[in-house]
> 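Let me give you the structure first, and then I'll get to my questions.
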Amino acid sequence: RIPKTFSRGMGFAEVAALVGGIAGLCAYKTAQWHSEGMMDWEKATIEHAGGSDVSWAALVALRAGALSLILTVLAIIYTNPPLQITGFSTTKGELKLFLTGMRRFGTFTVWCWTAQGVYFALALASSLGVALPQPLICLQWILFEVSLAMALLVTIIVTFVLVPVGIKRGHPVHFMFTWYVLAMHNGNTLLMILELVLNRFDIHAYHYPTVLAYGILYVLFAWANERYGVGAFYYFFLDYTRPYALFAYLGLFAAVSVFYWMAFWIDVLFESYRVIGWVLVPASNAIMLWRMPEKK
């Protein structure tokens, strides 16, 4: 009898090689660009991280309010009754999972929401003049870039994929329209666009490997969670035993890349035409659902 560890076979080996290759490339390019001075880490100062060219008071209010909202939502998620979802096991197929407590923090949406919480905690400290060491200011900058990109990804995927497909297949989606879930699916993008308008950070082209690293971290977590935690993946495309697993993982990294460059070009547009920043906030409603659509 083949041990379970090895019965996962070539699928895992191929996917692990892909993820390892992307991680190695990210490390190589980051080291190269850093040695060439392309990363602009000298801009990671407390004045840059905590200030605003629009309104310092508005920036502090946004950051304090955002952090309060994020912590409130995370507390509600942690204490809520079990959430039933379909999991995808490499050995047992589809499973019903009941997520409670810390297990609720394993979904990609909550991961991104938590990352935004870390960002706003650092950002608020910067705005209040706390003398953060430069590595933390660099982390704040990276989390801003990644959080804006991932907020756009989560909002668009929920609006145009998860909700319509869920309704069509008769899956329960009503919970997605509770206020605290709407905060994670829609409020995430609104908060990050407001932050883009008010802060002094930009989306840096040479920081692109950081969003790939973020995707790699989630993949590693998902593997560990499937093996040692809940026993299944939360998303079918992470199941590396499927025939198309390699393409699914390529698609995952392509998706986070697309949304990083989307955030980059939004920032470029805003820097060129500052007035566009205030149009972005109401315009972002075009990619959001606030009420459950009727089944056709």
Side-chain angles (χ1 to χ4, degrees), residues 61-89 94-125 136 139-140 142-144 146-159 161-163 166 171-192 194-195 213-236 238 256 288-292:
L62 168 66
R63 290 175 169 179
L67 182 58
S68 299
L69 173 63
I70 290 169
L71 291 176
T72 299
V73 170
L74 290 178
I76 291 173
I77 291 171
Y78 182 79
T79 57
N80 257 3
L83 173 67
Q84 179 181 330
I85 67 168
T86 299
F88 303 89
S89 169
E94 293 188 6
L95 300 174
K96 286 185 179 179
L97 300 178
F98 296 89
L99 305 183
T100 59
M102 291 303 298
R103 288 186 172 182
R104 292 286 296 273
F105 287 67
T107 63
F108 189 72
T109 294
V110 182
W111 251 62
C112 295
W113 187 247
T114 304
Q116 279 189 233
V118 176
Y119 168 74
F120 280 111
L122 293 172
L124 180 59
L136 283 183
L139 176 61
Q140 180 187 333
I142 290 169
L143 284 174
F144 166 68
V146 170
S147 291
L148 176 57
M150 295 302 96
L152 291 168
L153 184 153
V154 168
T155 299
I156 288 175
I157 293 298
V158 168
T159 297
V161 179
L162 296 186
V163 170
H171 295 165
V173 297
H174 61 277
F175 69 92
M176 290 188 176
F177 295 91
T178 55
W179 75 266
Y180 55 88
V181 177
L182 286 172
M184 292 189 291
H185 291 162
N186 294 342
N188 57 348
T189 296
L190 289 174
L191 290 175
M192 295 314 301
L194 285 169
E195 182 70 19
Y214 186 81
I216 290 168
L217 283 175
Y218 188 77
V219 165
L220 294 177
F221 161 78
W223 288 350
N225 192 43
E226 188 273 335
R227 186 68 177 88
Y228 303 106
V230 300
F233 292 110
Y234 296 151
Y235 308 103
F236 70 91
L238 292 176
V256 298
M288 299 174 185
L289 276 179
W290 295 98
R291 295 181 179 180
M292 187 166 69

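Quick note: numbers below take in every heavy atom, side chains included, and nothing from hydrogens, waters or symmetry partners.
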> Within the side chain of Thr155, is there an N or O that forms a donor-acceptor pair under 3.5 Å with the backbone of His185?
yes
> Is it the case that more than 12 heavy atoms not belonging to Tyr78 sit under 6.0 Å from its OH atom?
no
> Give a yes or no answer on whether the side chain of Ser89 reaches the backbone of Ala232 with a donor-acceptor pair at less than 3.5 Å.
no
> Minimum heavy-atom separation for Tyr218 and Phe108, please, with both atom names.
OH-N, 3.3 Å
> Side chains of Val73 and Trp179: does their closest heavy-atom pair fall under 4.5 Å?
yes
> List the residues meeting ring pair (Phe, Tyr, Trp, His ring centres under 6.0 Å) with Tyr235, not counting sequence neighbours, and say none if there are none.
Phe237
> Under the criterion side chain to side chain contact (heavy atoms under 4.5 Å, CB included), I'd like the reasoning laid out for Arg104 against Leu83: C-alpha separation, chi angles, the key distance, then a yes or no.
CA-CA 8 Å; Arg104 292 286 296 273; Leu83 173 67; 3.8 Å; yes
> Would Arg103 and Leu97 satisfy side chain to side chain contact (heavy atoms under 4.5 Å, CB included), going step by step from the backbone distance to the final call?
CA-CA 10 Å; Arg103 288 186 172 182; Leu97 300 178; over 6 Å; no
> Tell me the closest heavy-atom pair linking Leu122 and Leu136, and the distance in Å.
CD1-O, 3.9 Å
> Shortest non-hydrogen contact from Met184 to Thr109?
CB-CG2, 3.8 Å
> Kindly compute the distance separating CD (Gln116) from CG (Leu148), expressed to the nearest 0.5 Å.
9.0 Å
> Would you say Phe236 has more than 12 foreign heavy atoms packed within less than 6.0 Å of its CZ?
no
> Could you give the distance from CG (Asn186) to CG (Leu289), rounded to the nearest 0.5 Å?
7.5 Å
> Give, for atom CD1 of Ile77 and atom OG1 of Thr107, the distance between the pair rounded to the nearest 0.5 Å.
7.0 Å
> With side chain to side chain contact (heavy atoms under 4.5 Å, CB included) as the criterion, how do Trp223 and Phe233 come out once you've worked through the C-alpha distance, each side chain's angles and the decisive distance to 0.1 Å?
CA-CA 8 Å; Trp223 288 350; Phe233 292 110; 3.7 Å; yes
